[in-house]
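Below is one structure; the comments refer to it alone.
We name chains A, B, ... by the order of the sequence lines, and we start the count at 1 in each one.
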Amino acid sequence: MDRKAVEKKWQLKWEKAKFHNFNPKSDKPKEYVLEMFSYPSGAKLHVGHWYNYGPADSYARFKRMKGYNVFQPMGFDAFGLPAENYAIKTGVHPKDSTKTNIETMEKQLRAMGAMFDWNAEVKTCEEKYYKWTQWLFLQLYKKGLAYRKEAPVNWCPSCNTVLANEQVVEGACERCGTTVVRKNLTQWFFKITEYAEELLSGLDGLDWPEKTKTMQKNWIGKSTGCEIEFECDTGDKIRVYTTRCDTVFGVTYVVLAPEHPLAQKITTDEQRDAVNAYIAETSKANEIDRLSTTREKTGVFTGAYCTNPLSGKKIPIYLADYVLYSYGTGAVMAVPAHDERDFEFATKYDLPIVQVIESRSGPTKLPFCEDGIMVGSLGFDGLYGEEAREKVANEIAKLGKGGKKVNYRLRDWLVSRQRYWGAPIPVVHCPNCGIVPVPEKNLPVALPYEVEFRPDGKSPLEKCEEFMNTTCPQCGGEARRDPDTLDTFVCSSWYFLRYADPDNDKEPFDVEKVKKLLPVDTYVGGAEHACMHLLYARFITKALRDMGYLNFGEPFKRLIHQGVIMGPDGNRMSKSHGNIVSPDEYIEEYGSDAFRLYLMFGFSYTEGGPWNDDGIKAISKFLDKIEKTILKIMTYSEKNAPYSTEEKALDYARNFAIQKITRDMQNFSFNTAVARMMELLNAITKYDALDVKNTTLLKATVKDFLLLLAPCAPHFCEELWEQIGEKGFIFERSYPVENPEKLVLDETEYALQINSKIISRVMIPSSFKQEEIQDFVLGLDSVKEKLDGKEVKKCIVVQGRLVNLIV
RNA sequence: GCCGCUGUGAUGAAAUUGGCAGACAUACGGGACUUAGAAUCCCGCGGUAGAGAUACCGUAACGGUUCAAAUCCGUUCAGCGGCACCA
C-alpha cells in the first residue's frame with residue numbers, strides 16, 4: 001500500500017464530507033475531547049506534539065465509534081514571549097511570524113490525520129478572540145476580582161526590561177544571564193485567592209491524576225492556625241499568625257517583616273538608624289536570595305516591646321526578612337524552643353529559648369517541633385497537640401485577642417505584563433476620573449502594529465503615542481491607555497469555552513451552546529501546567545459561573561497527562577542537548593499511521609521515556625502483515641461452517657480482544673491495546689493456516705479486527721475497509737462489542753499449588769463451583785501422589801485462577 | 001530540607017489491583033526457503049546447575065504481614081518531578 005497516497009486520499013475524503021465537524025443536531029451523547037492547544041513556534045511539529053495529539057485523537061475516534069457525538073477542536077495559543085523575543089532578535093514582527101507559523105503548523109496538523117473540527121478553530125492573537133479576553137477582564141473588574149496594587153516584578157538591569165517568571169532561570173535573565181532584581185511597579189491582579197477554598201475542595205470530585213491534584217493542593221496550601229494580638233508599649237497592636245498556638249507561652253520575641261507598616265512606627269530613636277539601614281539592605285536583596293532556606297538569617301531590634309496576651313510577659317520586637325510580608329499577617333511570634341528558624345535566629349542574636357512543649361516519647365531535644373505536651377503554660381499544662389491548640393485558641397478568642405484563622409499560600413494572580421505581544425488591558429487612566437474601564441461596546445482595544453518592541457526600559461505600548469492617547473469614556477477629557485498587556489495564561493484560561501461558539505461577535509459565547517458542549521469530558525496535555533493553566537482555568541470557570549454565564553464550576557472532568565518523550569540520550573529534547581528527533585523522516589518512510597501506532601505501542605502513554613526507534617520498523621511490518629492477511633482472507637468463498645475447538649478458540653480470541661481493547665482504549669492504555677491487536681492477528685494467522693476453516697467466522701473476525709484497529713491507524717483502515725468492499729467510512733461503523741458467551745470456555749486452566757508452591761497446571765471445567773473444584777483436584781492421581789498420604793488442612797480455591805492445598 | 005512518584009529480562013514494557021512474574025514486541029541465537037537476504041516463515045530466549053525431565057533462585061536492598069506479595073507495612077539506597085524560611 002502506498003501509505004502516503006492513501007493518507008492524502010482519505011484526508012481529502014473526510015474533509016469533503018465535513019466528516020470531522022461537530023454536528024450539534026445529533027441526538028447521540030456528546031463527548032468533548034480536548035488536547036491542550038499549542039504555541040505556534042517556528043519549528044515543525046515535534047515528537048511531543050505528535051505524542052500528545054496522535055494517541056489522543058485515537059481516543060476521540062474510538063469514542064466516536066462507541067456512539068458518541070465527539071467534539072475535538074484545535075487552535076493556537078498565539079500570544080506570548082517567544083514571538084516577541086524572536087522579533088527582538090530578527091526584527092520580524094510577531095504578528096507576521098505568528099501568522100506564518102500558524103499556517104505551517106495547521107497544514108502539518110491536518111496532515112496528521114486527526115479528526116479536528118477546524119470550523120471551531122481559535123487563535124488567541126486575533127481581535128475577534130482577544131476582544132472577549134478583554135471582556136473577561138472587564139467582568140472580573142466589575143466583580144471586584146481584578147484590582148491594581150504595587151508589587152515587585154523581575155527586572156533585568158541589562159536588558160532594561162521586565163521579565164516574566166518563565167524568563168528567569170535560576171535567578172538570572174534567560175537572555176543575557178544578568179542577575180534579576182526586584183522592582184516595584186503597579187500591577188494588575190486577579191483575585192484567585194477568593195476561590196482558594198473551592199479550588200481546593202473541588203479537586204476531590206475530579207477524575208485527575210492524583211499527582212496533579214496533590215500539586216494543586218500544596219500550591220493552594222491551606223493552613224489552619226490562630227491569630228494572636230500582641231499589644232506594644234506604644235499602644236499599637238501587632239497581629240501574628242501561628243499554626244502552633246500551643247507554644248504561645250514559649251514566645252521570647254516577635255518578628256515583623258521589614259515591609260510591615262508598623263516597622264517604622266514602633267522603632268525607638270536609638271534604633272532608628274539601624275532599622276532604616278536594615279530595611280534599605282533587605283529591599284535590595286532579590287527574591288531568589290530572600291527565599292533561599294540556606295541563607296543565614298538576619299534581623300534588627302526595633303527597640304520596642306510588646307506583651308504576650310496569655311503570659312503577660314514583655315518581649316522585644318525584631319525585624320527580619322525571614323518573615324514574609326505577603327503571608328498571614330506579615331508578623332510572627334517567635335518560639336525558638338519549638339521552631340527551627342526561630343531557634344537559629346535566637347541562637348545568633350542571643351535571645352532566650354524557653355521550652356514549653358515536652359515530647360511524649362523519649363527526651364525532648366531542642367528545637368522540638370513536633371506535637372507534644374504543654375509544660376510551663378499555667379492552666380494549660382498537660383494538654384497535647386490538637387486538643388491543646390483548640391483550648392488555647394478558644395482562650396485567645398475569649399480574651400478578644402484573636403482566634404482561629406485559616407490561611408492559604410496561594411497568592412493573587414499577577415496578570416499585567418510590560419510586554420507587547422499580548423492582549424492590551426482594556427482600561428483608561430484619566431487624570432480626573434482615575435481608572436476607567438473601556439466600555440464593552442468599544443472593544444476590542446486593538447493592539448497596534450507599528451510599535452517599537454525592542455526593550456529600552458519602557459513598556460513597548462507606552463512608546464506608541466497613537467495607542468496611548470485616548471479620551472476618557474467617562475468625562476471625555478484627554479486620557480492615557482494602560483500600557484500593559486495581559487499574561488497569556490489569561491487568554492488560555494477560557495479558550496475551551498470559545499471553541500463552543502468561535503465566531504460569535506455579539507458575546508464571548510452563547511450560553512446555551514456552552515451548556516450543551518461543556519464541561520470538557522477528557523482533557524489531554526502536559527503535566528507542567530498543573531499549577532498554572534489548569535488552576536487558572538478552574539478559577540475563571542468558577543468566576544464566570546458566579547456571574548451567571550456557566551452552569552458548572554469545573555471545566556475539565558477528566559484529565560490525562562501524556563508523558564514526555566526524551567531524546568535518545570535520556571535528556572529532555574532540546575537544541576542545547578542536540579538530541580532532537582524529528583517525526584518527519586519517520587513519517588516520510590513509514591507513514592503517519594505507522595508513526596502514530598508506534599508512539600502508542602512503544603511507550604506507556606502517561607510515562608513517556610527516551611526515544612528509541614527500534615520498534616518502528618516492526619510496526620510497519622505489522623501493518624504490512626495485516627494488509628496481506630486480510631486481503632487474502634477476504635477472497636475466500638463462504639462455504640464451510642464447522643464450529644468446534646479451533647473455531648471456539650478463534651471466537652474466544654476475537655471476543656477477548658474486543659473486551660480488552662475497549663477497556664484499554666478507554667483508559668489510555670494504548671500500548672496494551674495494540675498488543676491485544678497483535679495477539680488477535682496472531683490468532684487469525686494461526687487459524688488461517690488450517691486446512692478446513694469456517695470462513696464466515698474468519699471473515700467476521702477480520703472485519704472486527706479492522707474496526708478495532710481503525711482509531712489507531714485511521715487512513716490505513718479506511719483504505720482496507722474500502723478494498724474489502726465495504727461502503728462508507730469505517731468511522732461511521734460501531735466499535736465491536738464482545739459476546740460474553742464466547743468468552744466462557746468449557747475448561748479453564750488452574751494453577752495447582754501445594755503449600756503455595758506450584759506443582760502443576762490442570763484444566764478444570766469452567767462451570768465447577770468451589771467444592772467441585774476441590775473434589776476434582778483431590779481426586780487427581782498426580783495430586784494424590786504428591787500429597788503422599790499427608791493430610792490436607794486447608795484448601796484455597798481462587799475461582800478461575802488457582803487451587804492451593806495446605807498440608 | 002519538605003511533599004509526591006518511580007525502581008521488573010539485553011531493551012520498550014505487561015501483570016484482571018494480593019492469586020501461575022515477564023503478555024505483546026525489539027534485540028539476540030538457531031533453523032527453513034533462497035544465487036543472495038536488511039524479505040518471509042518456524043523454533044529458542046530471566047539466572048544458575050543438569051544431556052535431560054527437572055530442581056533451586058529471581059520484580060533496587062533488607063526485614064515484616066499473609067495459605068499466597070512486583071503489588072500491603074517498615075527501614076535503606078538510587079532516579080525523576082514539585083515546593084522551597086508560608087510560622
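Taking every side-chain heavy atom of A/Met678 into account, B/rC24 is the closest of B/rA23, B/rC24, B/rC41.
A/Phe601 comes within 4.0 angstrom of a nucleotide base, judged by non-hydrogen atoms across all strands. Within 4.0 Å (heavy atoms only), A/Lys222 reaches no atom of the nucleic acid at all. No engagement by A/Arg663 is indicated, since no non-hydrogen atom pair under 4.0 Å with the nucleic acid exists. As judged by a 4.0 angstrom heavy-atom cut-off over every strand, A/Ile806 is placed among residues touching the sugar-phosphate backbone only. A/Ile758 comes within 4.0 angstrom of the backbone, heavy atoms only, and of no base. Nucleic acid contact class of A/Lys621 (heavy atoms, under 4.0 Å, all strands): sugar-phosphate only. Residue-level contact check: A/Asn682 touches the backbone only, with heavy atoms under 4.0 Å from sugar-phosphate atoms and none from bases. Among the heavy atoms of the strands, none lies under 4.0 Å from A/Gly800. Heavy atoms of A/Arg411 sit under 4.0 angstrom from at least one base atom. Among the heavy atoms of the strands lying under 4.0 Å from A/Glu749 is at least one base atom, whether or not backbone atoms are also near. Among the protein residues, A/Asp614 comes within range of the sugar-phosphate backbone only, with heavy atoms under 4.0 Å from sugar or phosphate atoms but none that close to a base.
For the C1' atoms, the distance from B/rC77 to B/rA68 is 28 Å, rounded to whole Å.
Below 30°, between 30° and 60°, or above 60°: for A/Tyr322 and A/Phe345 the angle between ring planes is between 30° and 60°, a tilted geometry.
Straight-line distance from the CD atom of A/Glu607 to the P atom of B/rU8: 11 Å, rounded to whole Å. Rounded to an integer number of Å, the gap from NZ of A/Lys628 to P of B/rU40 is 8 Å. Regarding A/Asp664, its CG atom lies at a distance of 8 Å from the P atom of B/rA15, rounded to whole Å.
Aromatic pair A/Trp611/A/Tyr586: ring centres closer than 6.0 Å. Between A/Phe668 and A/Phe670, the ring centre distance stays below 6.0 Å.
The 12-atom threshold is exceeded at NZ of A/Lys213, counting heavy atoms of other residues, nucleotides or ligands nearer than 6.0 Å. Heavy atoms of other residues, nucleotides or ligands lying less than 6.0 angstrom from NZ of A/Lys686 number 12 at most.
The partner of B/rA55 is B/rU48, by the rule that a Watson-Crick or G-U pair needs both atom distances under 3.5 Å.
For A/Ser604 and B/rA14, the shortest distance from a side-chain N or O to OP1 or OP2 is below 4.0 Å. At the phosphate of B/rA14, OP1 or OP2 sits under 4.0 Å from a side-chain N or O atom of A/Asn671. For the OP1/OP2 pair of B/rC56 and a distance below 4.0 Å, the side-chain nitrogens and oxygens of A/Lys757 include at least one atom meeting the criterion.
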